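Structure first, then comments.
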2 protein chains.
Amino acid sequence: MPSNSPTVWKFELEKTLQACTHDYRDLALEQAQALAEPPSALTALRMIHHSHPYLINGFSPLEKETANLYDWSRAEVYKEISGSRRVTVAVTDDGLADSVRERHDGRKTFVKALETKMTMSQLTEKLGRSADQDSFIYYLQSQDGNIYRDQPSSSGPPELEAFQKYFKRDVSWMKEAIGKQAEAVNLWIGDSRSTTSLHHDPYENIYHVLAGSKTFTLLSPLETIHLDQRFYPPSTLKRSPSGQLYPEYDYPNPSCGPRIPWVENLCLPRSARSISVTLHEGDTLFLPAGWWHRVEQEGGEEGIAVAVNYWYPSEIHPERYAYERFFRRIAIMSGMEGLIPPMGDEESINSEENDDPDR
Amino acid sequence: MPSNSPTVWKFELEKTLQACTHDYRDLALEQAQALAEPPSALTALRMIHHSHPYLINGFSPLEKETANLYDWSRAEVYKEISGSRRVTVAVTDDGLADSVRERHDGRKTFVKALETKMTMSQLTEKLGRSADQDSFIYYLQSQDGNIYRDQPSSSGPPELEAFQKYFKRDVSWMKEAIGKQAEAVNLWIGDSRSTTSLHHDPYENIYHVLAGSKTFTLLSPLETIHLDQRFYPPSTLKRSPSGQLYPEYDYPNPSCGPRIPWVENLCLPRSARSISVTLHEGDTLFLPAGWWHRVEQEGGEEGIAVAVNYWYPSEIHPERYAYERFFRRIAIMSGMEGLIPPMGDEESINSEENDDPDR
């Protein structure tokens, strides 16, 4: 047992945290599982219970009756269906919506994309190999149930409502396994210039590629201690009079407003173990709730990358919830800084910070 | 963050362990869930995923064709089916098979029942209200698949093979949910004098009461830190020349042989949160793998308590496995003594003990 020194205690805790990672890695599969055909509801529930990624072959999110009307790898299709309806598109100068960057004043901030509205025709002209390229990068990625959503929104019907007759409302085996319908069904349209930074979502995710390919880098929730998650004041990209994009703080005083926990680094540390999965046209990924992921994409024949995803509510498992918070608390006690405290603990930590006479 | 003193560190760890228990209790249900009818395979898998006890109504382990041939609350039935076949019966003087007791020399030992063979007719004469009571307590509790087992045994067919035509080989919804057949199907026959001490099994358990009633006291695996589990050298009850039962060590030198982790105390500490469920004739309990349980029973009309149970293999969940070991390691670091170290850690702990100059 540790002796007097806090250094020794911290070291012992860190060793125990590493042992936890190793225990997990000893038993967890090192690759995504592959299913040759879509699962039954029972197998789907087993996937959710395992909380491990699965690559699923043979599933289509397209309604049978209208699936063959179009070649879904072509930009033409999306223009035709969407027509003159204007849709929300994320605009960035680096292809990264939601990421940390350093401002001119040297301070770091969590930056969200500029949002703009345009028709699908305007969007597709900006995408792909023959794109009318200005210096910006465009990505249709409004993850608010842009095709279908569970709850009606005050902003009206989904922007891509016209796609409802082509896309299924639910993945039947997920709906049956979970006993609830998808909270959001989203269409994603971009090209190889857009990437996501590392993040996780609280949903069981069924992700299907319609055009191009997507490469997911996946890390289990137990790898969190190998990442460097910190709090940043949020900004949103704005267009300057000269036409440049720059991040503007969402709150006048960035030290006071809410802060967003995010992982800045785009490279994975060597200590983290990840799983890489590339989805080609027609492939589907089951991405379990809470898993970290970063997505890179390549355009298909016409240079566009298109996907549709289904987000299902993730049930809170009391044991897992308690253990996960415990794990993070111990990691913070061990001196690891790249972890966010469990919800409800922030205040005690903040007030400790405030009590610090050195500040 | 803790300062220099190991006492402060241990206190902080203990606080964090208690917070983990509270996080769990905040979300977990305080009672067993009740199902008005047997679940579908999907619901059964959800029960396993929840890892929470369920009381199930309307399930019968009896084969439809032969179920109504007998009144299964009567001792006569078991005598008739079993005939002259001799079966293994546990004999104790205190009704506790598998428990810790103090020997005459003041040392504590884990005691297993004396095993004897007798016919069902001889057994039932020793049970119930009108029993031919000697000073001993008898319990048919050979949990080796005494009706059916998954693997053939060198000791031959199950002792209660004659019951196979009356009892189902599997609980259909469990078999379908898990994708495997029951590892063991066991018949238990005793009376109110037999009780189990607190323990847990690594199986998903379907437990059905045929005669009398059974009261389960259940604690989730996260309550382990509130118990006092220690290692004891094993003994087995033997009959002395004067006819008394006494525990004899299984290994000549009790300090050298393997030791059994067990909870001595029959009363629950006030800090532990438990769930109590009473099963009456015809009721079924789903007892999740790893849950602590203690069982008390009352005889029915003829004073006997009879149950049948199905043990299904529990799948190892890498995340849960890693967290559970982590939780125990931190509890041990915090100075809690009533926990057994995770498998593989014993050696380092034993060698530390051996290095102790005070020993």
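Quick caveat, the model's predicted, so the values are computed rather than measured. Computation of the quantities below employed the complete heavy-atom set of this structure, encompassing side-chain atoms and omitting hydrogens, waters and symmetry-equivalent molecules. Labels below follow one simple rule: chain letters A, B, ... track the order of the sequence lines, proteins then strands, and each chain is numbered from 1.
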_For a salt bridge (charged side-chain N to carboxylate O under 4.0 Å, His left out) check, start with the C-alpha distance between B/Arg325 and A/Asp26, then their side-chain angles and the critical distance, and finish with the verdict._
CA-CA 13 Å; B/Arg325 288 165 63 89; A/Asp26 272 354; over 6 Å; no

*Of A/Thr43, A/Ile48, A/Leu42, the residue whose pairing with B/Leu45 passes side-chain contact (heavy atoms from CB on, under 4.5 Å)*: A/Leu42

*Is B/Phe231 atom CZ crowded by more than 12 heavy atoms from other residues, nucleotides or ligands, each under 6.0 Å away?*
yes

*Quick one: of B/Arg25, B/Glu315, B/His22, who has the most non-hydrogen atom pairs under 4.5 Å with chain A?*
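With the most close heavy-atom pairs to chain A, the winner is B/Glu315.
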
Considering only heavy atoms and a distance below 4.5 Å, find which of [options] pairs most often with chain B.
{"options": "A/Cys20, A/Ala19, A/Gly179", "value": "A/Cys20"}
{"options": "A/Ile316, A/Thr16, A/Leu29, A/Thr21", "value": "A/Thr16"}
{"options": "A/Pro221, A/Ser40, A/Ala177, A/Ala41", "value": "A/Ala177"}

_Would you say that B/Glu319 contacts A/Glu324 through its side chain, given a criterion of any heavy-atom pair below 4.5 Å between the two side chains?_
no

*Under a 4.5 Å cut-off applied to non-hydrogen side-chain atoms, are B/Asp23 and A/Arg329 in contact?*
yes

*asked:* Which residue in the set B/Arg46, B/His49, B/His317 passes side-chain hydrogen bond (donor to acceptor under 3.5 Å, both in side chains) when paired with A/His49?
replied: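 It is B/His49, the one option of B/Arg46, B/His49, B/His317 that forms the side-chain hydrogen bond (donor to acceptor under 3.5 Å, both in side chains) with A/His49.
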
Spatial distance of atom [atom1] ([X]) from atom [atom2] ([Y]) [nearest 0.5 Å]:
{"X": "A/Tyr321", "Y": "B/Tyr24", "atom1": "OH", "atom2": "OH", "value": "13.5 Å"}
{"X": "A/Leu13", "Y": "B/Glu12", "atom1": "CG", "atom2": "CD", "value": "11.0 Å"}
{"X": "A/Phe326", "Y": "B/Tyr323", "atom1": "CZ", "atom2": "OH", "value": "11.0 Å"}

